[in-house]
Amino acid sequence: MKKITLLAVIATLSMPAMAQKFMTRTAKITFDATSAKSPEKIVAINNEVASILNADNGEFVFQCPIKSFKFEKALMQEHFNENYMQSDKYPKSDFKGKISGSSMDLKKDGTYNVQVSGTLSVHGVSKEVSVPGSVTVKGAEISAKAKFVVKLADYNIEIPALVGDKVGKESTINVEAILNKK
Amino acid sequence: MRIIKLLSIALIASTSFVRAQSDTTDLLGELNQDEPSGKKEVVNYTFKATRIVNSSTIEQLSPGVLDMRISHRFGTLDQGAKNFFGIDNAYTRIGCDYGINKNVMVGLGHNVLGKENDGFVKVKLLRQKVKGTPVSISYYASASVQTTDAPTLAAGQEYNYSHRLTYAHQLLVARKFSERLSIQFMPSLLHMNLVDSTKYDNDVISLGLGGRFKLTKRVAVTGEYFYRLNGTDNKVGTLPTYNSLSIGFDIETGGHVFQLHFSNCAGISERLYLAQTTERWSKAEIRYGFNISRVFTIVKPKEFRK
C-alpha cells in the first residue's frame, strides 16, 4: 500500500505543469491593398481567425481561413478568392512563431511592446517575418495587436497586367486578437 | 524500492520528453483539433456568372448587389455579306437582377423580340460542400408577357391579356468537379398560355445540360443544350422549332464578365430557348451574341456599414 501511495505521489510530482494556453476563434485580420491609382478601396475584414498562445514561452500560432475575408464588393471578393489567393487550393494562411520582449511577462498584467517573429505561410509560400506588436495581459485575457506590410510578389500573388497599378504591390495587414485562458 | 526509483526516473524522463515536443506545430494541431466540426466548407464559384448563355446558373448575386445586364443577339451568320453576316440585325434584352438575401435573387428585363417583359426569381435550395453534399441545387421560375400588337383573329375569337403570358420552371442541379470543370443539369417545364395551333403542346418539358471549362484563370468555354421531350412538332407561324444549342466564352475583365457566344436561338427569354428556337446549326443559322454584366453594390455587407 505504501509503495503504491509513494508511486502515485511521485507520478503526480513528476507530471509537467500544464502549460497556460490562451485561445480565440474570433481574432480579426484586416488588410488594405489599395494603391494610389486604385479606383476603389481594396480592403477586407476577416473575423474568423483562430489563434492559440502558450503563455509559458510566448510561442503562438495564427490560422486564417482565406474564404472568410469579407469585401465591400462581392465581385472583388470573388476575384480575391478565385484569381489572387486561389483559396480552393490554399484555403488557409497561418503564422507560427513566438512573441518576445525584454520586459514581457505573459503571466503578469500589463502592456508590453513585443517583437513577433516566425513563419508566415500565405498562398502556399512560407517566409520568415519579424514585426513589432503589442500585447496586453489582463487577468484571464491577453489582447495582441500587430501591423505589418507584405509584398504580394513575395507570396507569388500575381497581379495581371490588365489590372496593373490599380492593386497595390504591397498590402498592409492589421491583426487584432483577444485570447482567453483555455 | 528500487522498482519505484526506476519507475519515477522513467516517468520524469518521459514527461520532459513530452515538454520538449510541445512546439508551434503542436499548437497548430491543437487549434485544428478543437475546430467546430459542424461547419462544413461550401464550394463557391461554380460558374463565373449568373447565366451560362441564355439559361441561369446556380450562382447567386450577393445580397445587396445589383447586376445590370445587356444581352445582344445578332442576326444569323447565313445572311452573308449583305447583312454583314448578321451584324446588321440584332435583338437585345436589357435587364436588372438584384440579390435580396443570400438565398434569393430576382430580375426584371425587356426583350426586343416579341416586346417581351419578363421577371424571375431564383432560390438557392442546396449548396455543394467540400465534404458531403455533392451538388448545388437552385429553383428558377420566370413569367413573361409579350406586348406586341394583338394578332388579327377570325370572328368569334378573342385575344386576351392572359394569351400573352408564358411561365417557366427550372431545377438547376450543378456540380463543380474541379476548379476548371462545372456541369449543370436543368430539367425544365415551360407553359405557354397560347400556341399557334390547338395541335401544339402548351407545355414543353426539356432536359438541359450546361457547363463551363476554364481555359485560364479569366477565360472559360461555356455551353448549353436543351433536349425537348415533347413539343418538337410545335411551330411558330410556319416555322418548325428545334432544340437550342449555345456555345460561348466567359471573359472576365476588371468590373464585369463579358460573355460571347454562338447560338441557334434568337432570344434570351425562356419561351424562346426552351420551345421556340426556329433556327438550326446545320443550316448555319447561327447567331453571334454577347452578354455584358456590370455589378453595383447597393447595400454594403454588414462589416462595412458604419
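Labels below follow one simple rule: chain letters A, B, ... track the order of the sequence lines, proteins then strands, and each chain is numbered from 1.
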Hey, does B:K302 have a side-chain heavy atom less than 4.5 Å from the side chain of A:K70?
no

Could you check whether atom CD of A:E170 has more than 12 heavy atoms from other residues, nucleotides or ligands sitting under 6.0 Å from it?
yes

Within a 6.0 Å radius of atom NZ on A:K166, are there more than 12 heavy atoms belonging to other residues, nucleotides or ligands?
no

A:K98, part contacting chain B, at a heavy-atom distance under 4.5 Å:
neither

Chain A contacts: which residues in residues 209-225 of chain B have a non-hydrogen atom closer than 4.5 Å to it?
B:K214, B:K217, B:R218

Quick check for you: to the nearest 0.5 Å, what is the distance between B:E41 atom CD and A:S68 atom OG?
8.5 Å

Heavy atoms of A:E59 and B:L27 approach each other most closely as O-CD1, 3.5 Å

Lys/Arg N to Asp/Glu carboxylate O, B:D26 vs A:K96, below 4.0 Å
no

Could you go through B:E303 and A:V43, starting from their C-alpha distance and side-chain angles, then the distance that decides it, and tell me whether this counts as side-chain contact (heavy atoms from CB on, under 4.5 Å)?
CA-CA 11 Å; B:E303 284 85 352; A:V43 175; over 6 Å; no

If you measure from CD on A:Q77 to OH on B:Y45, what distance do you get to the nearest 0.5 Å?
5.0 Å

Does any non-hydrogen side-chain atom of B:V65 lie less than 4.5 Å from one of A:K73?
no

For A:E82 and B:N44, test the side chains for any donor-to-acceptor distance below 3.5 angstrom and give the result as yes or no.
no

Go through the atoms of B:V43 and report whether side chain, backbone, both or neither lie under 4.5 Å from a heavy atom of chain A.
neither

CZ/B:R294 to CG/A:L75 distance, rounded to the nearest 0.5 angstrom?
8.5 Å

Any chance you could measure B:E179, atom CD, to A:Q86, atom CD, to the nearest 0.5 Å?
6.0 Å

If you round to the nearest 0.5 Å, how far is OG of B:S178 from CG of A:D88?
10.0 Å

Should we say atom CZ of B:F249 is surrounded by more than 12 heavy atoms from elsewhere, each under 6.0 Å from it?
no

Part of A:S51 within contact of chain B (heavy atom distance under 4.5 Å):
backbone

Specify the closest pair of heavy atoms between A:A44 and B:F304, including all atoms of both residues, with the distance to one decimal.
CA-CZ, 4.2 Å

B:T297 to A:E72 - nearest heavy-atom pair and separation:
CG2-O, 3.7 Å

Heavy-atom distances under 4.5 Å only: say whether A:Y84 touches chain B with side chain, backbone, both or neither.
side chain

For a side-chain contact (heavy atoms from CB on, under 4.5 Å) check, start with the C-alpha distance between A:V61 and B:E30, then their side-chain angles and the critical distance, and finish with the verdict.
CA-CA 10 Å; A:V61 296; B:E30 209 170 321; over 6 Å; no

